[in-house]
Q: 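After the structure tokens below, expect a handful of questions from me.
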Amino acid sequence: DISVVVAVIAVILAAVVFVFRPSRRSPPRASVTVAVRRAETGSKASGTTKGVNEKEESSAPRISIFFGSQTGTAEGFSRRVAESAKRHGFVPTVIDLEDYDYNENFAQEPLVVFVVATYGDGEPTDNAVGFYNWIMDKERPTDCLLGVAFTVFGLGNRQYEHFCAMGRAMDRRLAELGGTRIFNAGEGDEEGNLENDFIQWNDEMWPVLCRHQHVDVRIAENTDNSPSRRFKLVCAQPNEILPAAPRFPVIVDSKHPYCVKIVTNRELHTKESERSCRHIEFSLEGARFSYQTGDHLGVLPENDPILVEKLASRLGVDLDTVFSLVATEGEHPDVVRKQHFPGPTTLRFALTHYVDIAGMPSKSTLGALAPYASDPVEKEHLILLGSASEEGMAAYRTFIHEDC
């Protein structure tokens, strides 16, 4: 069933080598990363909820969930916070910090959650730079956020000196400006078990938020736990396929990467070494700009065509099927405007360039696939693997370390 592919596409994504110029001044260094381009990068989520009908929605507590994300992980967590909010009777809005008018609106927010990653040497992610500079302004009155209740979850890597620097800075500054910390900040370690860190924080947070907003925490027990659909699949004709994005854009930045050719790629360690460090050279022949210190090189790989064929065979789908992902009713228009997933396109192109079909599936991915399982036993197993219970955690560890 092609709808199964939609579930896969909606959760995991990847495509080419590119160079882009950062949108802010970077420290004098070049970074090489493996990035994943996401299909669902809309700035705001719908306030329509499962578990809260339209009549109740006007009186339900509203919660704004802001994310600062570089590769999509923090954004993904922010949307999971929103799903939890819906189950607990809240009306959530997921907001990209880059698209928010904080000068006009932030002081009027009654309840906010920040999910922010740390980038580089303790810096904000590109989409959070503006908000970070605004809130850190020393001229800002220390009572300007009175009445704003907040909590923060920071993402980082303990191998770096400034672990979760942005989460800690945001948590501290919100309190300094008069905000009320209603739940302790959480921290997720990419080198440890980032997802488990998030799940534990998220689960422990909701009873506290419910008490603060006078909401019966038991509401979540009677609501649908399956993730809401943000997109629907619409079949199209081959002549409707969109042309590929230009490989050599006029403006070069993080939103308009410039594709380059790798001319040298050699290993610097000997065969006896267990580590790998590669020397890579790339050509800018014909480019209208020169490489500068601080520019970034990103590698977005393509999936093995043989693996793509095997997945299609397993799912029973035709790779030449042409389709689009269209935002569901109630989704914010920016979800459609900002999504990087090109459509109409073919399943072959999508599975080759945008979907990470070789990586280890996360707990949230497995849980999201459960509703599509036709076998009751396998469905229950997927639900278990995606759950936050101790049994679910143990089953997931076994699945990852032994079954994959």
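Hydrogens, waters and symmetry mates play no part in the numbers below; they use all other heavy atoms, side chains included.
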Q: Does Arg79 come within less than 4.0 Å of Glu83, counting only side-chain N to carboxylate O?
A: no
Q: Is there a side-chain contact between Thr151 and Arg181 in this structure, where contact means two heavy atoms from C-beta onward sitting under 4.5 Å apart?
A: no
Q: Do you know which two heavy atoms are closest between Gly68 and Ala128, and how far apart they sit?
A: CA-CB, 4.2 Å
Q: Please test Leu347 against Phe323 for side chain to side chain contact (heavy atoms under 4.5 Å, CB included), starting from the C-alpha separation and ending with a verdict.
A: CA-CA 7 Å; Leu347 285 176; Phe323 75 101; 3.4 Å; yes
Q: Quick one about Thr270 and Glu272 (side-chain donor to acceptor, distance below 3.5 Å, no hydrogens or angles considered), yes or no?
A: yes
Q: So, for Ala373 and Leu382, which heavy atoms are closest and what is the spacing to 0.1 Å?
A: CB-CD1, 4.0 Å
Q: More than 12 foreign heavy atoms under 6.0 Å from CG of Leu268: is that the case here?
A: yes
Q: Distance alone, cut at 3.5 Å: any donor-acceptor contact between the side chains of Thr352 and Glu302?
A: no
Q: More than 12 heavy atoms of other residues, nucleotides or ligands under 6.0 Å from OH of Tyr102: is that the case?
A: yes
Q: Going through the checks in order, is the side chain to side chain contact (heavy atoms under 4.5 Å, CB included) test met by Glu380 and Glu378?
A: CA-CA 5 Å; Glu380 287 301 316; Glu378 292 186 358; over 6 Å; no
Q: At their closest point, which heavy atom of Ile400 faces which heavy atom of Pro361, and how far apart are they?
A: CD1-O, 3.9 Å
Q: Do Met166 and Glu123 touch side chain to side chain, with heavy atoms closer than 4.5 Å?
A: no
Q: Checking the side chain of Thr346 only, and the main-chain atoms of Thr321 only, is there a donor and an acceptor separated by less than 3.5 Å?
A: no
Q: Consider only side-chain N and O atoms of Tyr100 and Glu109, and report whether a donor and an acceptor are under 3.5 Å apart.
A: yes
Q: Is the side chain of Arg140 donor-acceptor paired with the backbone N or O of Trp134 at a distance under 3.5 Å, no angle test?
A: yes
Q: Please check if any side-chain donor atom of Ser276 sits under 3.5 Å from a side-chain acceptor atom of Glu267, or the reverse.
A: yes
Q: Check whether Asn303 reaches the backbone of Leu351 with its side chain - one donor and one acceptor, N or O, closer than 3.5 Å.
A: yes
Q: Is Thr73 reaching over with its side chain to a backbone N or O of Ser69, donor-acceptor style, under 3.5 angstrom?
A: no
Q: Less than 4.0 Å between a side-chain N and a carboxylate O, is that true for Arg158 and Glu190?
A: no
Q: Can you tell me if Glu195 uses its side chain to pair, donor with acceptor, with the backbone of Ser364 under 3.5 Å?
A: yes
Q: Looking at Pro92 and Ile65, what are the two nearest heavy atoms and their distance?
A: CB-CD1, 4.0 Å
Q: Looking just at side-chain N and O atoms, do Thr365 and Ser362 make a donor-acceptor pair shorter than 3.5 Å?
A: yes
Q: Kindly indicate whether the side chain of Gln237, heavy atoms from C-beta on, has any atom under 4.5 Å from the side chain of Val322.
A: no
Q: For the pair Thr264 (side chain) and Glu281 (backbone), establish whether a donor and an acceptor sit closer than 3.5 Å, ignoring hydrogens and angles.
A: no
Q: Please check if atom CD in Glu391 has more than 12 non-hydrogen atoms from other residues, nucleotides or ligands closer than 6.0 Å.
A: no
Q: What distance separates Cys277 SG from Arg275 CZ, expressed to the nearest 0.5 Å?
A: 7.5 Å
Q: How many angstroms lie between atom CD1 of Ile357 and atom NZ of Lys310, to the nearest 0.5 angstrom?
A: 11.0 Å
Q: Does the side chain of Asp121 reach to within under 4.5 Å of the side chain of Glu161, using non-hydrogen atoms?
A: no
Q: With rounding to the nearest 0.5 angstrom, report the CG to CD1 distance, Leu209 to Ile182.
A: 4.0 Å
Q: Heavy atoms, side chains only, cut-off 4.5 Å: are Phe150 and Val113 in contact?
A: no
Q: Using side chain to side chain contact (heavy atoms under 4.5 Å, CB included), reason through Val81 and Met205 one step at a time and then give a plain yes or no.
A: CA-CA 10 Å; Val81 172; Met205 173 182 68; 4.3 Å; yes
Q: Under 3.5 Å, side chain of Ser84 to main-chain N/O of Arg80, donor-acceptor pair present?
A: yes
Q: Hey, does His269 have a side-chain heavy atom less than 4.5 Å from the side chain of Arg278?
A: no
Q: Could you walk me through whether Phe106 and Asp101 pass the side chain to side chain contact (heavy atoms under 4.5 Å, CB included) check?
A: CA-CA 8 Å; Phe106 191 69; Asp101 188 350; over 6 Å; no
Q: Does the plane of the ring in Trp201 sit parallel, tilted or perpendicular to the ring in Phe183? Use 30° and 60° as the thresholds.
A: tilted
Q: In the structure I gave you, are the side-chain heavy atoms of Arg168 and Asp171 within less than 4.5 Å of one another anywhere?
A: no
Q: Identify the two heavy atoms, one from Gly167 and one from Thr118, that lie closest to each other, and give their separation to 0.1 Å.
A: N-OG1, 4.4 Å
Q: Between the main-chain N or O of Phe67 and the side-chain N or O of Asn127, is there a donor-acceptor pair closer than 3.5 Å?
A: yes
Q: Is there a donor-acceptor contact under 3.5 Å from the side chain of Lys363 to the main chain of Ser387?
A: yes
Q: For the CD atom of Glu187 and the CG atom of Asp189, what is their distance to the nearest 0.5 Å?
A: 9.0 Å
Q: What do you reckon, are the aromatic ring centroids of Phe114 and Phe131 less than 6.0 Å apart?
A: yes
Q: Can you confirm whether the side chains of Asn202 and Trp206 place a donor and an acceptor under 3.5 Å from each other?
A: yes
Q: Are Pro61 and Val215 side-chain neighbours, meaning at least one heavy-atom pair lies under 4.5 Å?
A: yes
Q: Roughly how far, to the nearest 0.5 Å, is the OH atom of Tyr119 from the CG atom of Leu155?
A: 15.0 Å
Q: Which residue, Leu174, Val112, Leu177, forms the side-chain contact (heavy atoms from CB on, under 4.5 Å) with Val148?
A: Val112
Q: Considering all heavy atoms of both residues, which atom of Pro371 and which atom of Ala368 are nearest to each other, and what is their separation?
A: CD-O, 3.2 Å
Q: To the nearest 0.5 Å, what is the distance between CG on Leu145 and CD1 on Ile135?
A: 5.5 Å
Q: Counting only heavy atoms not in Gln213, do more than 12 sit closer than 6.0 Å to its CD atom?
A: yes
